[in-house]
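Data block below; observations after.
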Number of protein chains: 2
Amino acid sequence: MIEINTGNNLCQIAPELKFANLCVLTFLLDEKTFAILGLDVYVPQELTNISPNKGGQVRPEELPEIRHLHLFRDMAHANFEALMASSYAQNFPQGLEMIRQGDPADFLHIVLEGSVELFARWSGRECTMSVVRPVSTFILAACIRDAPYLMSARTLERTRIILIPSSDLRAMFRRDTEFSVSVINELAACYRAVVRNAKTLKLRNSRERVASYLLRQSLLAGGVVSYTLPVEKRLLASYLGMTPENLSRTLRMLEADGVKIDGARVIITDRDKLAALAHPDRLIDGPDEIADGNGSALPRAE
Amino acid sequence: MIEINTGNNLCQIAPELKFANLCVLTFLLDEKTFAILGLDVYVPQELTNISPNKGGQVRPEELPEIRHLHLFRDMAHANFEALMASSYAQNFPQGLEMIRQGDPADFLHIVLEGSVELFARWSGRECTMSVVRPVSTFILAACIRDAPYLMSARTLERTRIILIPSSDLRAMFRRDTEFSVSVINELAACYRAVVRNAKTLKLRNSRERVASYLLRQSLLAGGVVSYTLPVEKRLLASYLGMTPENLSRTLRMLEADGVKIDGARVIITDRDKLAALAHPDRLIDGPDEIADGNGSALPRAE
DNA sequence: AGGAAAACTTGATCGAGATCAATACAGGCA
DNA sequence: TGCCTGTATTGATCTCGATCAAGTTTTCCT
């Protein structure tokens, strides 16, 4: 019997529970101690009365929105059910690093509510690779290769996640051809998304990256003249490969080039002028191929 | 009848030949004119007497090395044969832009001899994305999505290529489960390779990129102390996201950090010192997952 | 072998973007 | 409501890497 003393709660966990199979692992400091989050230990209520590999159940009303993902919509119904039966749901508080790069990829993740930042760390530095919003999958490739995660993930707010064991996933695409075709399409789209990303980084300077980002967001939101930035500027800056200070300055300078920024509000004042600077390119700025978890974009505006 | 007048050669091409289905397309300037390469028009000998979609045959002795690729080694023999029967081979001279980004991805390419540079262009600038050596595939993702190429490709030397029609490829992974699993694995590996690439670009400065590149090459070649750079420095510079001038300077400066460069020869003089600077990281520098065409690396040394 | 073209190197200068520092602002929580 | 923490902005300065220019070496082609 393992006990977790949170000060005002005392949780007891069945000894046969295998922590390594649960995402709780991410804040298990050692064999016996959980990381403290704020003043409370984060202990999902499901944890105290579940058997290994089960976790919180996926709620029935959530199944349709998962099923609707390109990854799952074409597979046989029975197979989808089987996959969901072996999966479980988990709620994470804000600011929790739920995936640490280098860890084995035991689960495919699906964001149902909230949002998740995927980021990379190296030598003390870190950078935002993408922000994932509902309903999307992430870290598919690592699960398939049964390889360590290349990116870390942290919640930007309270977030509900579905976890599908990688092994079930890998078994499934050998059994269900339609599913394997979906995986192929998803991976190919993800690959192409990162390539576009790499092209922007290597071919455009920071001013051009910002300009094309602003223009693209406008188009994604349906060609609107005004929209709200879907992420914090510090994340946008990191995603675009620049410092927050420089993003701030660049946004100000761009006011001479057809776009006005007021807080998180973006107003396109002269689309042609902005486009002349951004040189939008179908092969970089899309329209993207459809993919539910491309792993290298920020959410769209609105 | 279409005629091509090269000055000293006059080629005649059967009118039923559909250019759009041939890679010759890449140097067809308009309906009637071919681009001139140097002093000669490049006209593959196969072109004058082949029917559409056939091209030069794949030679029997080449089949085993193609079959040996991870992408093809697990599929049913009959299916592999069928795929090869619908494919054809083509020899390209040096310096030919055989794929232009934005064109529809009609063929999966396999390099059998020579080498190919994949590069991206935007707004007059261009950068090297990868260099492909035998025996490898490239632009798999575009073929699968039936989408335009995101990168251009040009031969760095005389190069022999096998072209597999994308449509046959897509039909095949619905018929052959083992093949679809191979495609999944290949794509996942490719995706991860580009992510590593993006991480290097965003997290390391140019000195660190060069240092880690040099170190990684040494390891790939088996931990050797000395090796020859597998690509020209101008390509390496572009791949690493810097100018040739700066690469040259950086290489010189690194002599104080444990590595000596003499022409294309690299000699590691103090591995620990170099590693202290490069901070090699398994999640960026590999070892990579096995993939025959990752689309974002340079060839290994040796 | 000779000559042209391309690749590489080295130096001088410039500028984009990072860093440092200080302040203003907003959101979450008692 | 007011505090407090994290985010955003603005300015001053510095540095890394780009650009420009010139010279050297190598490669390739006739």
Side-chain angles (χ1 to χ4, degrees), chain A residues 37-40 93-95 117 123-128 131 154-158 200-211 228-255 257 260-266 277, chain B residues 8 37-40 93-95 115 117 123-128 131 154-158 200-211 228-255 257 260-266 277:
Chain A
L37 304 167
L39 292 176
D40 302 316
Q94 192 204 71
E117 177 195 4
S123 188
R125 301 166 212 170
E126 60 180 59
C127 72
T128 302
V131 170
R154 69 164 78 92
T155 52
L156 292 173
E157 55 197 305
R158 181 178 161 73
T200 286
L201 287 171
K202 289 178 96 170
L203 290 168
R204 302 211 252 229
N205 63 28
S206 61
R207 184 145 134 276
E208 292 161 340
R209 291 200 295 275
V210 173
T228 308
L229 288 175
V231 292
E232 287 178 346
K233 287 187 185 154
R234 82 192 158 87
L235 290 176
L236 178 56
S238 179
Y239 174 72
L240 294 174
M242 56 201 297
T243 57
E245 294 96 319
N246 247 319
L247 174 61
S248 198
R249 265 186 277 271
T250 305
L251 287 175
R252 181 135 309 257
M253 291 182 62
L254 284 179
E255 298 196 353
D257 298 284
K260 176 89 174 54
I261 278 82
D262 177 33
R265 189 107 215 124
V266 179
L277 191 101
Chain B
N8 42 12
L37 304 167
L39 292 177
D40 301 316
Q94 193 204 70
S115 57
E117 177 196 5
S123 189
R125 303 167 210 167
E126 60 179 58
C127 72
T128 303
V131 170
R154 70 163 76 92
T155 52
L156 292 174
E157 55 195 304
R158 182 178 160 73
T200 287
L201 286 172
K202 287 179 98 169
L203 290 168
R204 302 210 252 229
N205 63 27
S206 60
R207 185 145 131 277
E208 292 161 341
R209 290 201 294 277
V210 174
T228 307
L229 288 176
V231 290
E232 286 179 348
K233 286 185 186 158
R234 84 192 158 88
L235 290 176
L236 177 56
S238 178
Y239 173 72
L240 293 174
M242 56 201 296
T243 57
E245 295 96 318
N246 247 319
L247 174 61
S248 197
R249 266 185 278 271
T250 304
L251 288 173
R252 179 137 310 259
M253 292 181 61
L254 284 179
E255 298 195 352
D257 298 283
K260 177 89 173 53
I261 278 81
D262 178 33
R265 189 105 215 128
V266 178
L277 190 103

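A quick note: this is a predicted structure, and the numbers were derived from the prediction, not measured. A note on names: the letters A, B, ... follow the listed sequences, proteins ahead of strands, and every chain is numbered from 1.
Remark: B:Arg154 engages B:Glu117, B:Glu126 in a side chain to side chain donor-acceptor pair (under 3.5 Å) (not counting sequence neighbours).
Rounding to the nearest 0.5 angstrom, the gap separating the CG atom in A:Leu277 from the OG atom in B:Ser123 is 9.5 Å. Note: A:Tyr239 OH to A:Leu201 CG = 8.0 Å, rounded to the nearest 0.5 Å. Rounding to the nearest 0.5 Å gives a distance of 6.0 Å between CG of B:Leu156 and CG of B:Leu235. Interatomic distance, A:Thr128 OG1 to A:Glu232 CD, rounded to the nearest 0.5 Å: 10.0 Å. Separation of atoms CD (A:Glu208) and CG (A:Leu203) is listed at 9.5 Å; rounding is to 0.5 Å.
One atom, CG of A:Asn205, and another, C1' of C:dC14, lie 15 Å apart when rounded to the nearest Å. With rounding to whole Å, A:Met253 atom CE is found 15 Å from D:dT9 atom C1'. C:dA18 atom P lies 12 Å from atom NZ of B:Lys202, rounded to whole Å. Rounded to a whole Å, the CG atom of A:Leu229 is 15 Å from the C1' atom of D:dT9. If you measure from atom CG of B:Leu251 to atom P of C:dT10, you get 10 Å, rounded to the nearest angstrom. Atom CZ of A:Arg252 is separated from atom C1' of C:dA24 by 13 Å (rounded to the nearest Å). Between the CZ atom of A:Arg158 and the P atom of C:dG28 there is a distance of 16 Å, given to the nearest Å. In this structure, the CG atom of B:Leu235 is 8 Å from the P atom of C:dC8, given to the nearest Å.
A heavy atom closer than 4.0 Å to some atom of DNA chain D occurs in B:Gly241, B:Met242, B:Thr243, B:Glu245, B:Asn246, B:Arg249, these being the qualifying members of residues 241-249 of chain B.
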Where do N or O atoms of nucleotides 4-7 of chain C meet protein N or O atoms at under 3.5 Å, pair by pair?
residue : atom : partner  : partner atom : Å
C:dA7   : OP1  : B:Arg234 : NE           : 2.9
C:dA7   : OP1  : B:Arg234 : NH2          : 3.4

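B:Arg158 places none of its side-chain heavy atoms less than 4.5 Å from the side chain of B:Gln94.
In the helix from C:dA1-D:dT30 to C:dA30-D:dT1, the terminal helix axes, each the rotation mapping four pairs' C1' atoms onto the next four within five end pairs, subtend 50°, rounded to 10°.
For the 3.5 Å distance criterion, the side chains of B:Thr228 and B:Arg265 qualify, holding a donor opposite an acceptor.
Judged by distance alone, with hydrogens and angles left aside, the side-chain atoms of B:Thr155 form a donor-acceptor pair with the main-chain N or O of B:Pro93 at under 3.5 Å. Without hydrogens or angle criteria, B:Lys233 side chain to B:Ala264 main chain gives no donor-acceptor distance under 3.5 Å.
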Donor-acceptor contacts under 3.5 Å from residues 241-254 of chain B side chains, at least two apart:
residue  : atom : partner  : partner atom : Å
B:Thr243 : OG1  : B:Asn246 : N            : 3.3
B:Thr250 : OG1  : B:Asn246 : O            : 2.6

